[in-house]
Structures are given as structure tokens and as C-alpha cells.
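Per chain, numbering begins at 1; letters A, B, ... match sequence-line order.
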Protein chains: 2
Amino acid sequence: MLRTNLDFLSFIERFCRENESENISLKSFRPGYRLIEQGDKISNIYIIKEGISKCFISEENGKDFIIEFLGKGEVVGELEALKKIDCLCNVAAISEVTAYVIPDHVFLSLIQKSGEFTTILLQELSTRIIQTSTRASFQQLYTVEYALLKLLQLQANESISLSKDDMAAYLGISVRSFNRSLKQLIEKGNQDTPEFKNMLQTANIKKLVDRLK
Amino acid sequence: MLRTNLDFLSFIERFCRENESENISLKSFRPGYRLIEQGDKISNIYIIKEGISKCFISEENGKDFIIEFLGKGEVVGELEALKKIDCLCNVAAISEVTAYVIPDHVFLSLIQKSGEFTTILLQELSTRIIQTSTRASFQQLYTVEYALLKLLQLQANESISLSKDDMAAYLGISVRSFNRSLKQLIEKGNQDTPEFKNMLQTANIKKLVDRLK
DNA sequence: CATAAAAAAGGACATTTGTCTCGGCGAGAA
DNA sequence: TTCTCGCCGAGACAAATGTCCTTTTTTATG
């Protein structure tokens, strides 16, 4: 859910040290700042060094869908560089974010020159396909309540906590539905519905739920 | 919706001609036959030469979700080979399907040896991410009726016609909901709801709808 | 052609979800 | 302190969806 790719990050950091000439820069972004706007043409790719950002599609009906949360070592803009297309997502910083900004021609030439880089990239793209497909299936075929429970577990595992708006956008539901489901989940946790009770008793999840009241 | 990749196909056909030693074989499968079962370990990848198959996830609650329909030149099993994991989807032939069966070590060594092949593969993976993400967002945030209309248009464009079961599994809904939405769509097409009427008047879509009654 | 068996369609009801709206609560200003 | 503004949660209602079961249609067989 929060993707990271430390291989990517260490590769790039090494590459930067060895190729200071390639005008790769390191930039910082405030929480909320949009690194990338859907529909824009860009000529850089970004690799996140620190912080968390969200990648989301804004549909024409005004609703947003969060594709993924991106952490350390995740890359952004690579699809646009590979396929020479306009940006298909927005990317916004959630926390303070620091990222390497790499001109797309440098990125593309890296693919030509470095087998190691290509391997890392292939792994990254494969992971994305797997995660995106698995999640699409899961969210279409299970109840919201169950998806919410899983989302809380993921946050607990990764020690992050998202805003309600972001969680709703990730689940593809309205905040109203989110609140309703959360309430039901808490009720079931207090009753004796074994499956839910056990899951909700985990210390980390309890904290999260408490924060949400 | 029906993915194809002619670059992939022509690359592989050329490669086969030039490397008959690599024990690549060509196999045919009956409609309904499962080339790949979710959870299996496989040591081949498949590249479709002819026919259409579907790639779908079976969830533990008994429901299926169709990830994509695969046509000429599409590859299957490559994620499993790249990441050394068990199969995450089922793949079943819808029509009569002919496919090249390629041992995974041949596939992996091609990535090492051929820049051209790697480029094609990167393009393919990128396309998958784009399509999967876009569709997940669309299906979560729009009404079923609208998604159904779009699905009919896609079928008309690509001159294929799917079973109701498959369409429902692609949309992530029950057949009951599918029937209901189809009926509503047809009613709106007969009334004067401009947007829908125009879309449904297209000759190809009319044929499709007629077949579904 | 008639009949039985199987498959598909659709009605009824319960549940889920979205939209709209109102009311409570807290932060900041007068 | 009190007032106001804005945000957040939840009630009420309508729409959408799933499940179950009956009805209709199709297919197969004698």
C-alpha cells in the first residue's frame, strides 16, 4: 500500500555521486504540493528520497481515486517517459517530500546502458502490476468493511496514518460511507464477532482507530 | 480491453525461426481450457499467436474478477518468471487459442541479451499499469451503467462479443446487476436521453445489444 | 412434436451506498 | 467571554446492488 523500492534509491544515489555532471537535482516539496498534475507534459522523472506522497487520478465527475502511496525509492513519471505521454495521475506530497529530479533523457539512456538499472525497473513495474491488479479485484469483490479493515492493518504494519479523505479516496468510496463502515467495524470489535474482534485488538490498529474516534 | 501486442508477436516469431534449438513450442487450446491456474508454479511463459483468452483472479469468496482479455501477441506468465512467484491469475481460453510456449530461462536470457526485446517488454508492462490503473479508477468512481456502456463500445470497436458472465466478471458485478443495467441502458436508448441515445445508435453497438436481447 | 431438464431472466426483499442537509463543536476574532 | 465561521459527523431519503427464489426460455431427447 505504501510502496518503497530501496534498490532503486541506492542505485540512483550511487549514480548521482558518480555523475554529478548529469544535472540531477534534489528538491523538496511541502505537504500538499503537487509534484505532478494530471494532463501535464513533463520532461523529468522523480525518485523519492524521503517522505510520502500520493498518486491519484481525478475523474471528470470530480471524484479522486488514489492509485498508491509512494515512499522511499519510488519512481514517478517513468511511464510518461517510457511511453511519451502526458501525465495520467496527479502526484501530491503528503508529508514533507524530498526527491531526485532526473531529466527523462538521462533516465532513458540509463535503461540503454545499465542492465542493473533495467532489472530494477522491470521488477518495479512488475510489482506495480501485481499490486494494482490484486487490489482492483479485491476492492470490487469484497465488502467495503472488509477492505477498510485491511487498509487499517496495512497502515498499522507500516506505521503510517492517513487522513479520512485519503482513505476514502483509496477505497473509492465517499467519506460518508467511510464513516459508516468505520463505526460498524468498531461496534463489531466491541461485540463478540471473533474474526473482527481479534483483528481489532492488535495494539497498532487500536491506536489508529482511537485517533479516528 | 482486448490487449494485443504485435511487436511482441513478430519479435518472437522471428526469434523462433532463428533459434529452433531453444525448444519453443506452439500449442493449441480448446475454448474453456485453463492455460494457467492461480497458485500454480510454472516454468514457461506463453505468447498468444491466435485467439482470445481471459486473465482472471478467483477470490476466496468464490467470485471472479477479470483483469483483462488477451489477444494476439500478449504475454502471460512473465510476471511470474520475473519475480519468481506462483501464478496470481487464472488464464483461460475463450476462443480456440494458439500460443508459443517458451521456457522461462529462455525468456530471462532474452532480457539479458536483447535490448530490443527489453524495450518491447518495458512498453508492454507500462501499458498494463496504465490500463489497469485507469480502469480501477473508472470502475470505482462511475456508475455501473456508464461502465457497461463503455464496455459495449469497446467490444464494438474491437469486433468481439463476450458472454454475459464474462462481462459481469469484468465489471465486478453480479449477473443480476448486469441484466438490470443492460435493461435500463436499452430503455434510455429508446427514450430521448441524448447522451445515451447517440451512443447506442452506433450500428456496431446495436448489433451487440440485439444479441443480448 | 411433446416433454423433461437445464439455463437464463427477472421479481421481491434486504442491504449497501451516495447525496443532501442539519446540528454540534472548536478555533479564532471582537 | 461570546460570537461567527467553517469543518465534521450523522440522520433521512433515494438509488443501486446482492441474494434468493420463482418464472420463463432454451435445449436435448424420445
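Rounding to whole angstrom units, CG of residue B/N61 and P of D/dT19 are separated by 9 Å. When rounded to the nearest whole Å, the span between CD of A/Q140 and C1' of D/dT17 equals 12 Å. Spacing between atom CG of A/L171 and atom P of C/dT17 amounts to 11 Å, rounded to whole angstrom units. We find that CD of B/Q184 is positioned 8 Å from P of D/dT17, with the value rounded to whole Å. Rounded to a whole Å, the CG atom of A/L182 is 13 Å from the C1' atom of D/dC8. Look at CZ on A/F178: it is 12 Å from C1' on D/dG9, rounded to the nearest Å. Computed from coordinates, the A/E145 CD to C/dT15 P distance equals 13 Å when rounded to whole Å. Note: CD (A/E187) to P (D/dA10) measures 10 Å, nearest angstrom.
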Using atom names, set out every protein N or O paired with an N or O of nucleotides 22-24 of chain C below 3.5 Å, distance rounded to 0.1 Å.
none

Protein-nucleic acid N or O pairs under 3.5 Å, nucleotides 11-14 of chain D:
residue, atom, partner, partner atom, Å
D/dG11, N7, A/R176, NH2, 3.1
D/dG11, O6, A/R176, NE, 3.1

Strictly under 3.5 Å: I want the nitrogen or oxygen pairs between protein and nucleotides 6-9 of chain C, one per line.
residue, atom, partner, partner atom, Å
C/dA9, OP1, B/K164, NZ, 2.7

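To the nearest 0.5 Å, atoms NZ (B/K72) and CD1 (B/I48) are separated by 12.0 Å. The distance from atom CD of A/E74 to atom CG of A/L2, rounded to the nearest 0.5 Å, is 8.0 Å.
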Stepwise side chain to side chain donor-acceptor pair (under 3.5 Å) test for B/D104 and B/S43: CA-CA 5 Å; B/D104 52 9; B/S43 48; 5.2 Å; no

Take A/F8 and A/F117 through the side chain to side chain contact (heavy atoms under 4.5 Å, CB included) test and state the conclusion after the steps. CA-CA 8 Å; A/F8 229 122; A/F117 185 75; 3.5 Å; yes

Stepwise salt bridge (charged side-chain N to carboxylate O under 4.0 Å, His left out) test for A/E124 and A/R3: CA-CA 10 Å; A/E124 168 72 14; A/R3 284 198 200 129; 5.1 Å; no

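Listed by chain and number, the residues in a salt bridge (charged side-chain N to carboxylate O under 4.0 Å, His left out) with B/D86 are B/K41 (sequence neighbours excluded). Scanning for salt bridge (charged side-chain N to carboxylate O under 4.0 Å, His left out) contacts around B/E59 gives an empty result, with sequence neighbours left out.
In the displayed structure, A/K83 atom NZ is contacted under 6.0 Å by more than 12 heavy atoms of other residues, nucleotides or ligands.
At distances below 3.5 Å, at least one donor-acceptor pair connects side-chain atoms of A/R135 with backbone N or O atoms of A/I67.
Residue pairs meeting the salt bridge (charged side-chain N to carboxylate O under 4.0 Å, His left out) criterion with at least one member in residues 170-180 of chain B: none, sequence neighbours excluded.
Screening A/I102, A/V75, A/I24 for a side chain to side chain contact (heavy atoms under 4.5 Å, CB included) involving A/I12 leaves a single residue, A/I102.
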